[in-house]
Structure formats: structure tokens, C-alpha cells
Amino acid sequence: MLLKNLKEVLQWDVTDDNFEKSQELIKKVNNVLGFVEDHRAAEKKPYLDTGRTIDATHKSFAKPLEEAKAQLQN
């Protein structure tokens with residue numbers, strides 16, 4: 001279905017006569033793109049959450065060292 005739609009979009013020629021059908025085709029493409037974006041975000045979320053946890057843990061570990069370094073430099 002997706003490949004058929006892609007082929008249709010690539011071969012489509014917008015004219016005055018098919019303007020409304022062209023708008024429908026754009027809506028279809030936007031729906032597919034919305035699904036792709038939602039799927040990407042859902043698939044990425046656990047990794048993003050894990051990355052944030054790793055960052056927060058490392059920052060909390062490094063903070064006292066950063067403060068000690070700043071004190072030493074002053």
C-alpha cells in the first residue's frame with residue numbers, strides 16, 4: 001500500500017481538474033508521515049529515557065569533582 005501511494009505521488013500531476021483529488025492524496029501522505037513520526041518517537045523513547053538517566057547519573061557523580069576543581073582553580 002505504501003509503495004503504491006509513493007508511486008502514485010511521484011507520478012501525480014496536479015491540474016485544475018484534479019485539484020480536490022490532489023488534496024486527498026496530500027492528506028494520505030500526511031497521514032502516513034504522521035504514523036511514521038509517531039512510530040519513530042515511540043521506538044526511540046525507551047532509549048532516550050535511558051540516555052537521560054545515564055546523563056543525570058554521570059552529572060551527579062561528576063558534580064562534586066567539578067566543584068572541587070573550580071575551588072582549586074580559584
Side-chain angles (χ1 to χ4, degrees):
M1 177 79 172
L2 179 60
L3 291 177
K4 177 183 172 271
N5 288 343
L6 179 59
K7 184 177 180 182
E8 183 179 5
V9 170
L10 291 172
Q11 294 176 346
W12 193 260
D13 185 32
V14 179
T15 65
D16 289 337
D17 294 333
N18 69 7
F19 185 77
E20 287 183 25
K21 182 145 171 85
S22 299
Q23 294 290 25
E24 291 174 21
L25 185 58
I26 289 170
K27 282 183 184 180
K28 278 189 206 177
V29 171
N30 284 337
N31 286 338
V32 171
L33 289 172
F35 172 80
V36 169
E37 177 59 21
D38 291 346
H39 186 266
R40 181 202 61 80
E43 290 292 310
K44 178 182 173 181
K45 187 178 183 329
Y47 301 100
L48 190 57
D49 291 344
T50 300
R52 288 180 178 141
T53 300
I54 291 168
D55 288 348
T57 301
H58 282 78
K59 285 178 183 178
S60 69
F61 175 80
K63 184 177 179 182
L65 296 170
E66 292 288 345
E67 291 171 350
K69 180 181 94 173
Q71 183 180 345
L72 182 62
Q73 288 174 330
N74 289 332

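Values below: every heavy atom of this structure, side chains too, minus hydrogens, waters and symmetry copies.
Taking NE2 of H58 as the reference point, atom OG1 of T53 lies at 11.5 Å (rounded to 0.5 Å). Atom CD1 of I26 sits about 12.0 Å away from atom CG of N31, to the nearest 0.5 Å.
Scored by the side-chain contact (heavy atoms from CB on, under 4.5 Å) test, D49 finds K45, R52 as partners (sequence neighbours excluded). For the side-chain contact (heavy atoms from CB on, under 4.5 Å) test, residues two or more places apart in sequence or in another chain that qualify with V29 are V9, L33.
Under a hydrophobic clustering in which Ile, Leu, Val, Met, Phe, Trp and Tyr are joined whenever their side-chain heavy atoms come within less than 4.5 Å, directly or via other members, Y47 and I54 fall into different clusters. Cluster annotation: L65 and L72 are assigned to distinct hydrophobic clusters (Ile/Leu/Val/Met/Phe/Trp/Tyr, side-chain heavy-atom contacts under 4.5 Å, transitive).
The number of heavy-atom neighbours closer than 6.0 Å to CD of E67, taken from other residues, nucleotides and ligands shown, is above 12.
R40 has a carboxylate O that lies under 4.0 Å from a charged side-chain N of E37, or vice versa, which qualifies the two as a salt bridge.
Counting only distance, with no hydrogens or angles, the side chain of N18 and the backbone of V14 share no donor-acceptor pair below 3.5 Å.
Residue pairs meeting the salt bridge (Lys or Arg N to Asp or Glu O under 4.0 Å) criterion with at least one member in residues 10-25: none, sequence neighbours excluded.
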